[in-house]
Amino acid sequence: MATRLSVNINKIATLRNSRGGNNPDLLKVAADCERFGAQGITVHPRPDERHIRYSDVYSLKQIVTTEFNIEGNPLEDKFMQLVLDVKPEQVTLVPDDPGQLTSNHGWDTIGKADYLRDTIATFKRAGIRVSIFVDPVPELVAAAAATGTDRVELYTEAYASNYHTDKDAAIKDYIAAATIATQNNLGINAGHDLDLHNLNFFARSIPQLLEVSIGHALISDTLYYGLENTIQMYRRKLA
Ligand code: PXP
């Protein structure tokens, strides 16, 4: 099975918000992403609503026909409530601070084991699949299994930044982490800084990879290739 592509549309909301109106139209872009081949739509609302607004998430739920994935920090009550109201196919739990520019670390699945177990159980009782963001560290991935999560999302920033220097070295920790995840019956997603250059090698090296969520590079590439071509180009990297 080819890895599925979920398009993170946060950047579209950032562009819209910069002028205060509704251009670009986030709902239209989400629907067009799906029409052009996206197999999922990802959003990452943050408490300051600087890109995706909480109200966007309710509106998107009405029109997304592929997999809807909401990312965020469950320490925010508002986030918990949003996800439980909207009931997306998947929630991805990320331990980011409220004002953080972008996610920059995975969960401490050992130190936060009890908290994660309780939080994940709440989402699973509501019928929502759970994925948690983790660094590719064997002990942290093994401990993720004990939290009851369905999947882990491997944080690929380190892979992406080392890819051009030595791709075999860059992928090593991820293959080890993926092996441990599979041994523990965890599904594997991945995301952060994946792009047209580094995506295919990552997906080929980790055949168990179920899904990638990609925002920044993909939306940037649309400036040159257009939305439809870009999505198809990313899909081909995963074929
Ligand atoms: N996964 C998580 C948990 C993220 O926070 C982000 C960025 O919002 C991504 C994936 C996508 O990263 P990028 O925008 O670099 O493709």
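Since we're looking at a predicted model, the values are computed, not measured. Just so you know, residue 1 is the first one in the sequence shown, and it goes up from there. Just follow the structure's listing: the first ligand is 1, and inside any ligand the first atom is 1.
- Taking 4.0 Å as the cut-off between side-chain N and carboxylate O, Asp48 and Arg46 do not count as a salt-bridged pair.
- Sorted by first and then second residue, the salt bridge (Lys or Arg N to Asp or Glu O under 4.0 Å) pairs with a member in residues 212-223 form an empty list; sequence neighbours excluded.
- For residues 141-152, the set of pairs meeting the side-chain hydrogen bond (donor to acceptor under 3.5 Å, both in side chains) definition, not counting sequence neighbours, comprises Lys124-Asp150, Arg151-Asn189.
- Salt-bridge annotation for Arg129 and Glu67: present, with a side-chain N of the basic residue lying under 4.0 Å from a carboxylate O of the acidic one.
- For a heavy-atom separation below 4.0 Å, the residues in contact with ligand 1 are Asn8, His44, Glu71, Val94, Thr102, Ser103, Phe133, Glu153, Gly191, His192, Asp193, Ser213, Ile214, Gly215, His216.
- With sequence neighbours excluded, the residues that form a side chain to side chain contact (heavy atoms under 4.5 Å, CB included) with Ala177 are Pro136, Val141, Leu154.
- Both cation-pi conditions hold for Lys78 and Tyr54: the charged atom is under 6.0 angstrom from the six-membered ring centre and inside a 45 degree cone around its axis.
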